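Down below is the structure, laid out as C-alpha cells.
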Amino acid sequence: MSLPEMIDAENSRKHIRVVNVNYPQTIENVKEKKCGIRLRYYFQGFRGGSERLHYQTHMMYLPAGHYSVKEMLKVLNMYVEEYDVTFVLQRGGRVGVQFYPNLTYVRNLSVGGDGMTYSNQMVSSTHKATITGFEIVMTDHLTYMLGLTEWVVHPVVQEAIDIGAYGKTYPMMFILMAAKLPEHYTFYGKFLPDISNGITEFFIYCDEVEQCTVGDVKARLLAIVPINVRGSSGKCFIV
C-alpha cells in the first residue's frame, strides 16, 4: 500500500497518522484447487468374477472464493448428487455425509477372433459380493474445513468396528459391509466446521511505516486485524 505522493516527514519534522484504511470485508477462504472431492468405486464380477473394474471421478474442485458452510455444501452436492452422495448440515452444526450404494455399472463384453459376444452385465453395489471398495476422497483443506478429519458412524456400524467383524478394512468399507438399513449409510464429522480454514488474523502492510518484528522476521506491518466467523454456517468477516 503506497501513498499517492511522497511525504518527507523526517526532514520536515512532520508526523504521519493513519486516519482511515480500507480493506475487504470478507476473506477468500477457498483457494484455487485447494478444496476438491473425488469418488472411487471398485467393482468385481465381470466374466465370472475374473475381472475387476476400478472407477473414479476426476478431482472436482470448488472455485476460489469466500464461502459459508451452506454455500460449500451446495456446490459439493452439485458435484456428487449424481453418484447418490449428499452432504448435509446437521442441527448441531456438524457436517454429515449420506450415501446410497445403489449404482449400477453396465459393460459390453466382446471377444475378438472367435466372434463371441457377451451380453451386457450389470453389477449393483447393493450386492456386497460384487463390490470391493468405495471411497470419498477429499483434499486436506476441504476435510479440515468441514470437520471431517475424523468420522462418527452409525452405532450399528460402530459396533461392528469395535468387535473387528471385518478385519482391517478401511472405514467406508466398514459402513458398506455392516449397514443393514438405509440410515446406516451415513456418517458425520467429529468436529465442527472451521470455515476460516485456520486463518485467524488479517495483516496489513504499508511501505511508509518503520519495520517491526513479525514472528522471526522484520516487516513494515501497519496493523493486525482479527477475523471473525459469524455463526457456524456464516462467512469469515474481517472486523
Side-chain angles (χ1 to χ4, degrees), residues 35-45 49 52-57 59-60 62 67-105 123-198 229 231-233:
C35 292
I37 185 171
R38 165 182 286 153
L39 304 181
R40 289 176 178 162
Y41 291 88
Y42 304 87
F43 296 100
Q44 70 177 11
R52 295 183 180 181
L53 181 139
H54 295 180
Y55 170 78
Q56 69 176 12
T57 67
M59 183 62 77
M60 299 173 284
L62 274 73
Y67 294 79
S68 66
V69 177
K70 290 182 179 179
E71 290 170 342
M72 290 185 71
L73 299 187
K74 181 179 179 180
V75 176
L76 286 172
N77 284 331
M78 290 174 58
Y79 291 163
V80 301
E81 63 182 357
E82 65 178 305
Y83 302 99
D84 288 334
V85 177
T86 306
F87 287 84
V88 295
L89 184 62
Q90 299 182 328
R91 290 184 178 180
R94 288 175 170 79
V95 173
V97 182
Q98 300 172 346
F99 64 98
Y100 308 96
N102 58 359
L103 290 181
T104 299
Y105 186 85
V123 177
S124 174
S125 58
T126 55
H127 185 199
K128 295 180 176 62
T130 62
I131 186 169
T132 59
F134 170 59
E135 294 179 82
I136 298 177
V137 181
M138 293 182 285
T139 59
D140 291 341
H141 283 260
L142 184 60
T143 302
Y144 171 78
M145 293 178 73
L146 297 183
L148 293 171
T149 51
E150 293 185 35
W151 300 352
V152 178
V153 298
H154 191 277
V156 171
V157 178
Q158 186 62 51
E159 182 180 359
I161 294 175
D162 293 340
I163 64 176
Y166 300 105
K168 296 182 179 180
T169 318
Y170 56 86
M172 189 64 69
M173 280 303 295
F174 271 125
I175 301 176
L176 284 172
M177 293 186 289
K180 306 299 182 184
L181 299 173
E183 57 266 26
H184 298 168
Y185 294 99
T186 184
F187 61 90
Y188 62 89
K190 184 177 180 180
F191 308 103
L192 287 170
D194 182 2
I195 203 65
S196 71
N197 199 12
V229 179
S232 61
S233 60

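Keep in mind that this is a model prediction, so the values were computed, not measured.
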Results of side chain to side chain contact (heavy atoms under 4.5 Å, CB included) for Thr143 - residues two or more places apart only
Met138, Leu148, Thr149
For the student: nearest non-hydrogen atoms of Tyr185 and Phe99, plus distance
CB-O, 3.0 Å
Side chains of Tyr67 and Val75, heavy atoms from C-beta outward: is any pair under 4.5 Å?
yes
Decide yes or no for Val97 and Leu146: does some side-chain heavy atom of the first lie under 4.5 Å from some side-chain heavy atom of the second?
no
Listed partners of Tyr188 passing side-chain hydrogen bond (donor to acceptor under 3.5 Å, both in side chains), at least two apart:
none
Of the non-hydrogen atoms in Cys35 and Met145, which two are nearest, and what is the gap between them?
SG-SD, 3.8 Å
For Glu81, enumerate each residue passing the side-chain hydrogen bond (donor to acceptor under 3.5 Å, both in side chains) test, keeping only those at least two apart in sequence or located in another chain.
none
With heavy-atom distances below 4.5 Å as the criterion, would you say the side chains of Gln98 and Val85 are in contact?
no
How close do Val95 and Pro193 get, counting heavy atoms only, and between which atoms?
CG2-CG, 3.7 Å
Arg38: which residues meet the side chain to side chain contact (heavy atoms under 4.5 Å, CB included) condition with it, sequence neighbours left out?
Arg40, Gln56, Thr57, Met59, Val137
Output all residues satisfying side chain to side chain contact (heavy atoms under 4.5 Å, CB included) with Lys190, sequence neighbours left out; order by chain, then residue number.
Glu150, Val152
Distance (rounded to the nearest 0.5 Å) between Thr86 OG1 and Asp84 CG
7.5 Å
Less than 4.5 Å apart, side chain to side chain, heavy atoms only: is that true for Val80 and Phe87?
yes
Looking only at side-chain N and O atoms, does Asn197 offer a donor or acceptor that is under 3.5 Å from a partner on Tyr144?
no
Quick check for you: to the nearest 0.5 Å, what is the distance between Ile37 atom CD1 and Ile136 atom CD1?
6.0 Å
Is any side-chain heavy atom of Met72 closer than 4.5 Å to one of Ile195?
yes
Please step through side-chain contact (heavy atoms from CB on, under 4.5 Å) for the pair Leu192 and Arg94, ending with a clear verdict.
CA-CA 5 Å; Leu192 287 170; Arg94 288 175 170 79; 3.8 Å; yes
Can you sort out the partners of His154 under side-chain hydrogen bond (donor to acceptor under 3.5 Å, both in side chains), two or more places apart, ordered by chain and number?
none
Do the non-hydrogen side-chain atoms of Val88 and Thr186 ever get within less than 4.5 Å of each other?
no
